[in-house]
Amino acid sequence: MDAADISEDLAHVLLSSDQVHERVCELAEQIDADYAGRDLLMVGVLNGAMMVMSDLTRAMKSHCRIDWMAISSYGSGTKSSGVVRILKDLTTDITGLNVLIVEDIIDTGLTLSYLIQNLRSREPASIEVMTMFRKPDAITSAVEARYVGFDIPTEFVVGYGLDYDGRYRNLTDVATLAPHVYS
Ligand code: IMP
Ligand code: MG
């Protein structure tokens, strides 16, 4: 569904699906160039990264492998709890591999810094981060993303994989929610 289908639920459309798609293609080109001649394992963080992983890997022109992790972060609210738990681990042994973590969004960076620390202990050859969206607070956190789709304001957004209480992941655009949705 797109923003027009659920306009009564939305306050403001930040990015259209076309804008997102165009940026994903630019990042795919960069990743292709940076990893040329090297094996690459893309590690997606479920469930938010499903859309970006799907679009990014298909826009790439070289091979990659894909694996997934699921970690708990937000529960059903809109504030980071700081509690991180692995719900589903990788099936791949990443020792000696070039790993690119694919994230939907970095807000506080808490989830990602835990994840990087965890994966680093498994001794991959390299570990980098790609995130589709990044909020200002993330810039002051210790997490450094090599590839960033868009820097966005500190607002709760949905769409392109991002949910509120499990919904809106299949919204093709990226938008903020109308106040009545929260009540
Ligand atoms: P962090 O630990 O604060 O960086 O939050 C990371 C996770 O919280 C992301 O991977 C998302 O799943 C979720 N999250 C953060 N901000 C938003 C948002 O604006 N909309 C939907 N989910 C979000
Ligand atoms: Mg996430």
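These values consider heavy atoms only, across backbone and side chains, with no hydrogens, waters or symmetry-generated copies. Indexing begins at 1, ligand by ligand and atom by atom, following the structure's order.
Ligand-side atoms of ligand 1 in range of Asp104: 9 (C), 10 (O), 11 (C), 12 (O), range being under 4.0 angstrom from any heavy atom. The distance from ligand 1 to the heavy atoms of Glu103 drops below 4.0 Å at these ligand atoms: 10 (O). Interface atoms of ligand 1 facing Lys135, defined by a heavy-atom separation under 4.0 Å, are 16 (N), 17 (C), 18 (C), 19 (O). When each atom of ligand 1 is checked for a heavy atom of Asp163 under 4.0 Å away, the hits are 21 (C). For ligand 1, the atoms lying closer than 4.0 Å to a non-hydrogen atom of Glu155 are 19 (O). Close approach to Leu162 involves these atoms of ligand 1, each under 4.0 Å from a residue heavy atom: 21 (C), 22 (N).
Contact of the Val99 side chain with the Glu128 side chain is not registered, since no non-hydrogen atoms from C-beta on lie closer than 4.5 Å. Looking only at side-chain heavy atoms (C-beta outward), Asn98 and Tyr35 come within less than 4.5 Å of each other.
Ligand 1 has no N or O atom lying under 3.5 Å from any N or O atom of Phe156, backbone or side chain.
Side-chain contact, Asp173 with Ser16: no donor N or O sits under 3.5 Å from an acceptor N or O. Of the N and O atoms on the side chains of Thr131 and Asp104, not one donor lies less than 3.5 Å from an acceptor on the other residue.
Ligand 1 has at least one atom lying under 4.0 Å from a heavy atom of Gly109. The closest approach between any non-hydrogen atom of Val158 and ligand 1 is not below 4.0 Å. By the 4.0 Å heavy-atom criterion, Ile105 is counted among the residues contacting ligand 1.
Under the side-chain hydrogen bond (donor to acceptor under 3.5 Å, both in side chains) criterion, Asp93 pairs with Thr95, not counting sequence neighbours.
Between Phe156 and Tyr164, the two ring planes are perpendicular [angle over 60°; tilted spans 30° to 60°].
For residues 25-35, the salt bridge (charged side-chain N to carboxylate O under 4.0 Å, His left out) pairs, not counting sequence neighbours, are Arg23-Glu26, Asp34-Arg146.
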